[in-house]
J.: 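Encoded as C-alpha cells, here's the structure I'll be asking about.
All figures in this text were calculated on a predicted structure; none of them were measured in a lab. Chain identifiers are assigned alphabetically (A, B, ...) following the order of the sequence lines, protein sequences preceding nucleic acid strands; residue numbering begins at 1 within each chain.
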There are 2 protein chains.
Amino acid sequence: MTTINDIAKRANVSRTTVSRALNNSGYVSEDARKRIMKIVEETGYMPNQSAKSLRTKRSGVIGVILPRLSTETSTRVVNGINEVLAKEGFQILLTDTELDSKKEIEYIRLLKSRHVDGIILLATNVNDELIQTIRDVDLPFLAIGQDLPEVTSLVYDDYHASADLTNMLIHKGHHKIAFIGVSREDPSVGVKREQAFRDVMEREGGVVQDHWMGTGDFSIDSGYEEMKKILRASGKNRPSAVYAVTDRMAIGAMEYLKEQGYRIPEDMAVVGIGASSMSQYVSPSLTTIDYFNKKAGQQAAELLLAKLKNEKLEQKFELTYRLILRDSV
Amino acid sequence: MTTINDIAKRANVSRTTVSRALNNSGYVSEDARKRIMKIVEETGYMPNQSAKSLRTKRSGVIGVILPRLSTETSTRVVNGINEVLAKEGFQILLTDTELDSKKEIEYIRLLKSRHVDGIILLATNVNDELIQTIRDVDLPFLAIGQDLPEVTSLVYDDYHASADLTNMLIHKGHHKIAFIGVSREDPSVGVKREQAFRDVMEREGGVVQDHWMGTGDFSIDSGYEEMKKILRASGKNRPSAVYAVTDRMAIGAMEYLKEQGYRIPEDMAVVGIGASSMSQYVSPSLTTIDYFNKKAGQQAAELLLAKLKNEKLEQKFELTYRLILRDSV
DNA sequence: CATTGGCATGTAATCGATTACACATTTCAT
DNA sequence: ATGAAATGTGTAATCGATTACATGCCAATG
C-alpha cells in the first residue's frame, strides 16, 4: 500500500507538503502541487483513513442503528439518509439491533469507539439507560420515530395520523371497528396510535370492545391470526371495519378475510399504516397512511450534518403524513 | 475520552499490560488482570478502533456495495450478510452505487482506504476496469449475482431458472409467450434469462415475436408500460402468457392487464422472478422463482470469513432456486 | 549450586496521517 | 531602503493502540 511518505519521496517534498496539497490547507506552490497530484493520480494513492481519523478525530462515517434491517420502513429511511450523506462524502456504518434494546446501547458505544462522527437511531423504545448512554457518548445524535428526551428527535405524528384514520372510518359510517395493535413497549406505534383510536372512538360514539382489540407483532402472519381471533370471538356481533397499525398486519388481516369469503370493503373495511409498496398492489388496494419515510431519513441526515457544523437545533421535529384513500374502505 | 493510557495509569501498570489483558495475549497476572478489568468496567473504556486498525491493519468492518439500497433483493442479501457477520463481531460499511458502475470502482477503492477487512459486492455488471480494480485493492473479495472472472463469485443459476420457468409455461399449454426483460448490460438478468427463454422456446416450438419482447428497467411502471406496448403492437395475434424477468415488472404488467379487463390467468398468464413479498399478496398471487437471497447473503458472509482465515476457496458457487407455482398461471 | 525456562512487566518503535512551530525567501508598502 | 506581511517548505510531536525485545523474578532440574 502506498502511503503519504511514498508520495512525498517520489515528489521530492516532505509529507507535510503532500498533506497540505491534498487537503488544500496552508501554502503549496503550484509547481509542487502539480507534481504531487500527478503522482497521486499515477499511484491511485488514497490516504489511510484510520491514521487520518486517529489524528483528526473525524472519520467521515455516520453510524446508523436500525431495529430491523429487513423492513420497508427501515430501508426507506436508510435510503434517504444515504442519499444526503453520500453527497457530502459520508459513509454509513450499519447496525441492526434485531429489536433488542440492549443491543441498541451496545451499538451506540461500539460506534463511538469506531470514531463515527454522528449517530442516527431509528428508535423503537425509550428507556433511561438509553438516554444515559446517548448522553455519555456525547456525539451528534439524532433519533427518528420516538421522542427521546434531551435528544434531537424527528417524530412521526402518530397521534393525529391515527386520529385522522379513525375519523375517516367513522365518517364513512363505521362505528364498530376492530383494532390490531402492537406491544405497548413501543410508545409511538403501540401507545399513541391506540390512544388516538380510543379517543376518537369515544368522542364520536364509536363502539370499542375488548375482544375486537388484537395485539400483533408487526408481521403479516400476526395480522392474519389476530383477525381470526377477533372474528371468532365476535360471533354475530361483528365489527364492520378493522384498523391495523401497520400495513403488513392489515394485509394479513385481509388475507384471512378473503379466505373466509368476506368482501372488502363491503363486508369489512380494512385500513393500515405505512404506505408499503404492497399496499398499492393488493386487492383491493389498501387505504393507509404515508409517513414519507425516505423524506424522514433525508431530513435526519440534513439535521445531523447541521449538528456537525455546530448549528444549534430545536429538539423536536414533527414529520408530516398523508392519508391515502384506496379501495379497501 | 478515556484511552489505554488512562486505564494503565489508574491500574498502576504500563499500557502494554493493559493491551495484553484486553486481547488475551502474552502473560498477565491474575491480580493485574482483575484490577484492569475493574477499571475498564467502571470507565466503560473502549479501545479506539482507528488506532487499533492503524496498527493491526484489521478493522472488523466489511464493506458492502449495493446497486440499490431500496430493493427487496438487496435488503434480503444484506440481512443475510449482517446476520452472519454481526455474530462474529463485524460491522458493515454500506455503500450504494445507484446503479452507476463508476461508483462501484470508486467505492471499492474508498473502502480499501477505510481499512475494511473485506468486500462483498452485489454485482450488476462486468467490465475490465472493475476486475482490474478488484485485483488492485487485493482484499478478500466476494461477488454476488454475477460471475466475475478471477473473483470468488456466488451466482444465481439464472439460465436454468429461466429455462424451468419457460418450460413450465409451455407445459401448461402456452406457446405464444411475451417477454419483458432488461438491458443487456446486466449479464445475469438481462442476458442469461432471455437466452434461456429463447433457447427453450426454440427447442419446444414456442412462438417468439419481436413485438412481444419488451425491455423494462426493473420498475413496476416499466412493467406496466411494456405490457401496454406489447398488447397494442400485437393486435389480434396476442400471446397467452407473459414472462417478466422480475416480479416488480410482472406486477406492473398485471396492473395493466387487470385495468384492461383481462382475467389472469384465464386470458393471460403472468410469471415473474424474485419471490418478492408482494408476489404472494397480489391478486392473483404471482408464480415466480425464489432465489433465496438471504441465504445467498449468509453464504457470502461465511465464505468471506473463510477467506479472512486464509482458507482457499473455489472460485464459483452456484446458488439454488425454487419455482413457486401460484395462481397467476 | 548453576542453569534453564516459565511468568510478569516494562521500554520504545511503529502504524500513517495532521499540524504547531520554525525558518527561509519573496513581495510589498512606506 | 527597510521592516512587515505573504508565501513555501520542513522538522518533529502527536493521535491511541500493538508488539518486538529486554529485563527481572522464581521454581525446577540435573
Side-chain angles (χ1 to χ4, degrees), chain A residues 1-37 39-40 43-61 89 109-117 137 139, chain B residues 1-37 39-40 43-61 89 109-117 137 139:
Chain A
M1 204 51 197
T2 73
T3 74
I4 196 173
N5 283 307
D6 302 335
I7 306 292
K9 237 172 262 169
R10 292 191 45 178
N12 258 313
V13 293
S14 74
R15 65 167 168 278
T16 312
T17 306
V18 177
S19 175
R20 278 194 277 253
L22 258 43
N23 296 294
N24 286 316
S25 58
Y27 297 109
V28 179
S29 65
E30 208 35 55
D31 186 44
R33 166 169 272 118
K34 262 192 200 138
R35 248 181 308 142
I36 290 167
M37 287 314 186
I39 295 172
V40 166
T43 56
Y45 163 77
M46 297 201 78
N48 179 320
Q49 291 294 328
S50 301
K52 189 165 183 158
S53 156
L54 173 61
R55 184 64 227 247
T56 61
K57 313 269 178 218
R58 326 186 75 257
S59 61
V61 175
R109 293 167 28 65
L110 186 74
L111 289 171
K112 167 93 178 183
S113 83
R114 287 204 185 281
H115 261 182
V116 298
D117 294 338
V137 296
L139 275 175
Chain B
M1 204 52 198
T2 72
T3 74
I4 197 174
N5 283 307
D6 304 334
I7 306 291
K9 239 173 259 168
R10 291 189 46 178
N12 259 312
V13 292
S14 74
R15 66 167 169 280
T16 313
T17 305
V18 176
S19 175
R20 278 194 276 252
L22 257 43
N23 296 294
N24 287 313
S25 58
Y27 297 111
V28 179
S29 64
E30 210 34 54
D31 186 44
R33 167 167 273 119
K34 262 190 200 140
R35 247 181 309 143
I36 292 168
M37 287 313 184
I39 295 171
V40 167
T43 55
Y45 163 76
M46 297 200 79
N48 179 320
Q49 291 294 329
S50 302
K52 190 164 181 159
S53 156
L54 173 59
R55 184 63 228 249
T56 61
K57 312 276 180 209
R58 325 186 77 255
S59 61
V61 174
R109 290 165 32 66
L110 186 74
L111 288 172
K112 165 94 178 182
S113 84
R114 286 202 186 282
H115 262 182
V116 298
D117 294 338
V137 295
L139 274 174

J.: Judged by each residue's nearest nucleotide on DNA chain D, which is more toward the 5′ side, B:Val18 or A:Ala32?
T.: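 Per heavy-atom nearest nucleotide, the more 5' residue is A:Ala32.
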J.: For C:dT9, take OP1 and OP2 only and decide whether either is under 4.0 Å from a side-chain N or O of B:Ser29.
T.: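 Answer is yes, contact under 4.0 Å.
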J.: For D:dA17 and B:Tyr45 - does any side-chain N or O of the residue sit under 4.0 Å from the phosphate oxygens OP1/OP2?
T.: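 For B:Tyr45, the contact criterion (side-chain N or O under 4.0 Å from OP1 or OP2 of D:dA17) is met.
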J.: Which one, C:dT9, D:dT19, C:dA13, comes nearest to the side chain of B:Arg15?
T.: C:dA13
J.: Nearest-nucleotide wise, let me know which of B:Ala51 and B:Gly26 is further upstream toward the 5' end of DNA chain C.
T.: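 That would be B:Gly26.
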J.: Report the distance from atom CG of B:Leu22 to atom C1' of D:dT19, rounded to the nearest whole Å.
T.: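 Roughly 15 Å, once rounded to whole Å.
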J.: Closest nucleotide of DNA chain D for B:Arg20 versus for A:Glu30: which of these residues is on the 5' side?
T.: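 Nearer the 5' end of the strand: A:Glu30.
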J.: What distance separates A:Leu22 CG from A:Met37 CE, expressed to the nearest 0.5 Å?
T.: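 With rounding to 0.5 Å, CG (A:Leu22) is 5.0 Å from CE (A:Met37).
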J.: Would you say D:dG16 has OP1 or OP2 under 4.0 Å from some side-chain N or O of A:Lys57?
T.: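 Yes, within the criterion.
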J.: Among the nucleotides C:dT9, D:dG16, C:dA17, which one has an atom lying closest to any side-chain atom of A:Leu54?
T.: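 Nearest to the side-chain atoms of A:Leu54, counting from C-beta on, is D:dG16.
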J.: Let me know the distance between NE2 of A:His115 and P of C:dA17, rounded to the nearest Å.
T.: 17 Å
J.: Looking for any heavy atom pair under 4.0 Å, which part of the strands does B:Thr17 touch: base, sugar-phosphate only, or nothing?
T.: sugar-phosphate
J.: Write down the distance between CZ (A:Arg58) and P (C:dT19), rounded to a whole number of angstrom.
T.: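 It works out to 11 Å between those atoms.
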J.: Going from CG on B:Leu111 to CG on B:Asp117, what distance comes out if it is rounded to the nearest 0.5 angstrom?
T.: 11.5 Å
J.: Take the protein atom CE of B:Met1 and the nucleotide atom P of D:dG16, then report the distance between them rounded to whole Å.
T.: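 Distance, rounded to whole Å: 10 Å.
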J.: What nucleic acid atoms does B:Ser19 come within less than 4.0 Å of, heavy atoms only: base, sugar-phosphate, or nothing?
T.: base
J.: Would you indicate, yes or no, if C:dT18 has its OP1 or OP2 atom less than 4.0 angstrom from a side-chain nitrogen or oxygen of A:Asn23?
T.: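 Indeed, a polar side-chain atom of A:Asn23 lies that close.
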J.: Can you check whether any acceptor in the base of C:dT11 is under 3.5 Å from a donor in the side chain of B:Thr16, or vice versa?
T.: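 Pair found.
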J.: Figure out the CD1/C1' separation between A:Ile4 and D:dC15, and round it to whole Å.
T.: 15 Å
J.: Would you say a side-chain N or O of A:Tyr27 is under 4.0 Å from OP1 or OP2 of D:dG8?
T.: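 For A:Tyr27, the contact criterion (side-chain N or O under 4.0 Å from OP1 or OP2 of D:dG8) is not met.
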J.: When you get a sec, tell me which of D:dT11, C:dC15, C:dT18 is the closest nucleotide to the side chain of B:Arg55?
T.: C:dC15
J.: Measure CD/B:Gln49 against P/D:dC15 and give the value in whole Å, please.
T.: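 B:Gln49 atom CD is separated from D:dC15 atom P by 19 Å.
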J.: Run the side-chain contact (heavy atoms from CB on, under 4.5 Å) check on B:His115 and B:Val61 step by step: do they pass?
T.: CA-CA 8 Å; B:His115 262 182; B:Val61 174; over 6 Å; no
J.: Could you tell me how far apart B:Lys52 (NZ) and D:dC15 (C1') are, to the nearest whole angstrom?
T.: 17 Å
J.: Please report the shortest heavy-atom distance between A:Arg15 and A:Asn5, naming the atom on each side.
T.: NH1-OD1, 3.0 Å
J.: Looking at A:Ala11, is its backbone amide N or carbonyl O close enough to the side chain of A:Arg35 to form a donor-acceptor pair, meaning the two atoms are under 3.5 Å apart?
T.: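 It does hold such a pair.
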J.: Side-chain contact, heavy-atom cut-off 4.5 Å: A:Ile36 with A:Arg33?
T.: no
J.: With a 4.0 Å cutoff (strictly under), does any side-chain N or O of A:Thr3 reach OP1 or OP2 of C:dG16?
T.: no
J.: Rounding to a whole Å, what distance do you find between B:Lys34:NZ and C:dA8:P?
T.: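 It works out to 13 Å between those atoms.
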